[in-house]
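Inspection log for the structure reproduced underneath, given as structure tokens.
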Amino acid sequence: MLDYAKVFENGLSYSQFLAKYGTPEQRLRWEGLRAQVRLTDAQRQLLAGFKRKMPVIVLAGAWCGDCVNQCPIFDHFAAASSCIHLRFYDRDANPELAAELSVCGAARVPAVLFLSEDWFRCAQYGDRTLSKYRQMTADFSGAACPTGIGSPERSLLDNVVQEWLNEFERVQLMLRTSGRLRTLHGD
């Protein structure tokens with residue numbers, strides 16, 4: 001098992017990750033999607049109300065269309081909540097982490113690992129949300145992996161944002177109701 005505190009310490013912020021691993025074209029794609037993400041007032045209020053520190057490890061690839069279409073969402077969440085602490089890792093540069101976070105027997109990305117403030121695993125989620133898999137199944141004759149060149153439809157993007165937010169909220173509620181953490185924080 002990995003020492004998640006040490007892994008987290010060596011991670012990169014969203015912008016550092018893109019600067020180190022993204023080509024200029026890839027960075028434009030990520031930032032183009034980031035500009036399309038719109039959190040509702042209710043979503044921003046929910047994120048602002050998070051109380052427990054939540055380290056989040058994101059395994060990604062700057063080249064990956066699924067990462068282009070999802071990872072910028074996480075950066076919006078972190079900007080809206082002082083409790084969400086993101087660290088990004090390149091899948092190919094971190095084979096041990098990629099093996100630890102494999103999805104369906106492969107090093108698929110994005111893979112997101114949610115941790116407690118004292119470095120216990122809480123949840124793992126990825127590589128795509130239910131809405132995305134439904135859309136892919138409906139379009140099954142298309143490519144198996146999106147390029148990230150085109151933008152997802154607005155309703156699909158909104159659904160993907162909400163589905164990721166649901167997982168972030170689920171983990172936050174897990175942390176808030178943890179007897180161990182409630183004792184630690186006296187609440």
Side-chain angles (χ1 to χ4, degrees), residues 4 8 11 13-14 17 30 32-61 64-89 91 97 100-104 106 108-139 145-146 148 151-182 185 187:
Y4 295 122
F8 190 84
S13 70
Y14 177 87
F17 172 79
W30 281 61
L33 192 282
R34 189 180 186 291
Q36 292 180 48
V37 174
R38 302 280 186 266
L39 298 181
T40 67
D41 289 340
Q43 290 169 330
R44 278 192 296 281
Q45 287 175 338
L46 174 70
L47 288 159
F50 283 12
K51 301 290 185 216
R52 295 277 192 261
K53 180 181 172 190
M54 222 166 88
V56 179
I57 289 175
V58 180
L59 185 68
C64 169
D66 287 318
C67 297
V68 169
N69 291 324
Q70 296 175 88
C71 293
I73 296 167
F74 315 148
D75 192 48
H76 276 275
F77 292 171
S81 174
S82 62
C83 292
I84 297 173
H85 303 276
L86 295 175
R87 292 296 179 272
F88 285 81
Y89 305 81
R91 182 197 72 181
L97 183 60
E100 179 86 7
L101 300 181
S102 70
V103 174
C104 196
R108 294 164 68 162
V109 288
V112 179
L113 179 64
F114 296 89
L115 302 165
S116 65
E117 65 192 66
D118 48 359
W119 309 111
F120 286 100
R121 283 180 77 121
C122 294
Q124 181 178 334
Y125 195 68
D127 63 332
R128 299 176 181 115
T129 68
L130 181 59
S131 289
K132 179 60 179 175
Y133 272 115
R134 284 179 177 154
Q135 179 262 320
M136 287 177 68
T137 302
D139 299 339
C145 183
S151 300
E153 291 180 27
R154 180 86 244 162
S155 62
L156 176 60
L157 178 58
D158 291 343
N159 288 341
V160 169
V161 168
Q162 186 60 54
E163 289 171 338
W164 273 108
L165 182 57
N166 290 347
E167 188 62 14
F168 275 76
E169 180 186 15
R170 186 182 77 80
V171 173
Q172 181 61 201
L173 293 173
M174 178 191 305
L175 297 170
R176 286 284 293 142
T177 60
S178 162
R180 182 179 55 77
L181 292 175
R182 290 185 71 211
H185 290 282
D187 61 6

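We count residues from 1, following the sequence as given.
- The closest side-chain donor-acceptor pair between H85 and E117, if any, does not fall under 3.5 angstrom.
- Between P110 and D66 there is a side-chain heavy-atom pair separated by less than 4.5 Å.
- Within the 4.5 Å cutoff, the side chain of V112 has no heavy atoms near those of the L101 side chain.
- In this structure, E167 CD and C122 SG are separated by 10.5 Å, a value rounded to the nearest 0.5 Å.
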- Checking side-chain contact (heavy atoms from CB on, under 4.5 Å) for the pair S116/R180: CA distance, chi angles, key distance, verdict? CA-CA 11 Å; S116 65; R180 182 179 55 77; 3.9 Å; yes
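- If you take CG on D75 and CD on Q70, they are separated by 14.5 Å, rounding to the nearest 0.5 Å.
- Note: L181 CG to K51 NZ = 15.5 Å, rounded to the nearest 0.5 Å.
- Summarising the geometry of C104 relative to R108, their closest heavy-atom pair is CB-NH1, 3.6 Å, with the distance given to 0.1 Å.
- Nearest heavy-atom pair, R176 versus D187, reported as atom, atom and distance to 0.1 Å: NH1-OD2, 3.1 Å.
- For S178 (side chain) and M174 (main-chain N/O), no donor-acceptor pair under 3.5 Å exists by modelled atom type.
- A salt bridge is defined here as a Lys NZ or Arg NE, NH1 or NH2 lying under 4.0 Å from an Asp or Glu carboxylate O, and E163 with R128 fails to meet this definition.
- A distance-only check finds a donor-acceptor pair linking the side chain of H76 to the backbone of R34 [under 3.5 Å].
- Closest heavy-atom contact between F50 and C83: O-SG, 3.3 Å.
- Residues L115 and V56 fail the side-chain proximity criterion, which asks for heavy atoms closer than 4.5 Å.
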- Task: Kindly indicate, with the supporting measurements, whether the criterion side-chain hydrogen bond (donor to acceptor under 3.5 Å, both in side chains) is fulfilled by D139 and Q135.
- Result: CA-CA 6 Å; D139 299 339; Q135 179 262 320; 2.5 Å; yes
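- A heavy-atom distance below 4.5 Å is not found between the side chains of Y14 and L86.
- Here the side chains of F88 and C71 are in contact, with some heavy-atom distance below 4.5 Å.
- Checking side-chain atoms of R91 against main-chain N and O of A60 turns up no donor-acceptor pair under 3.5 Å.
- Salt bridge annotation for K132-D127: absent, with no cationic side-chain nitrogen under 4.0 angstrom from a carboxylate oxygen.
- Atom-to-atom distance recorded for N69:CG and L156:CG is 8.0 Å, nearest 0.5 angstrom.
- In this structure, CD1 on I73 lies 10.5 Å from CD on Q36, to the nearest 0.5 angstrom.
- Side chain of Q43 to main chain of T40: a donor-acceptor pair is present (N/O by atom type, distance under 3.5 Å, no hydrogens or angles).
- Remark: the backbone N or O of L175 is paired with a side-chain donor or acceptor of R52 at under 3.5 angstrom.
- Using a 4.5 Å heavy-atom cutoff, the side chains of F168 and I84 are in contact.
- Screening V160, N166, D158, N159 for a side-chain contact (heavy atoms from CB on, under 4.5 Å) with Q162, the sole residue that qualifies is N166.
- For Y125 and F114, the gap between ring centers reaches or exceeds 6.0 Å.
- You'll find the ring centres of W164 and F77 outside the 6.0 Å limit.
- Between W119 and Y4 the shortest heavy-atom distance is O-CD1, 3.8 Å.
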- Message: Quick one, L157 with L33, criterion side-chain contact (heavy atoms from CB on, under 4.5 Å). Give me CA distance, side-chain angles, the key distance, then yes/no.
- Response: CA-CA 9 Å; L157 178 58; L33 192 282; 4.2 Å; yes
- Item | side-chain contact (heavy atoms from CB on, under 4.5 Å) between L46 and E169, intermediate numbers included | CA-CA 8 Å; L46 174 70; E169 180 186 15; 3.6 Å; yes
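- To the nearest 0.5 Å, the span separating CG on L113 from CG on L59 amounts to 10.0 Å.
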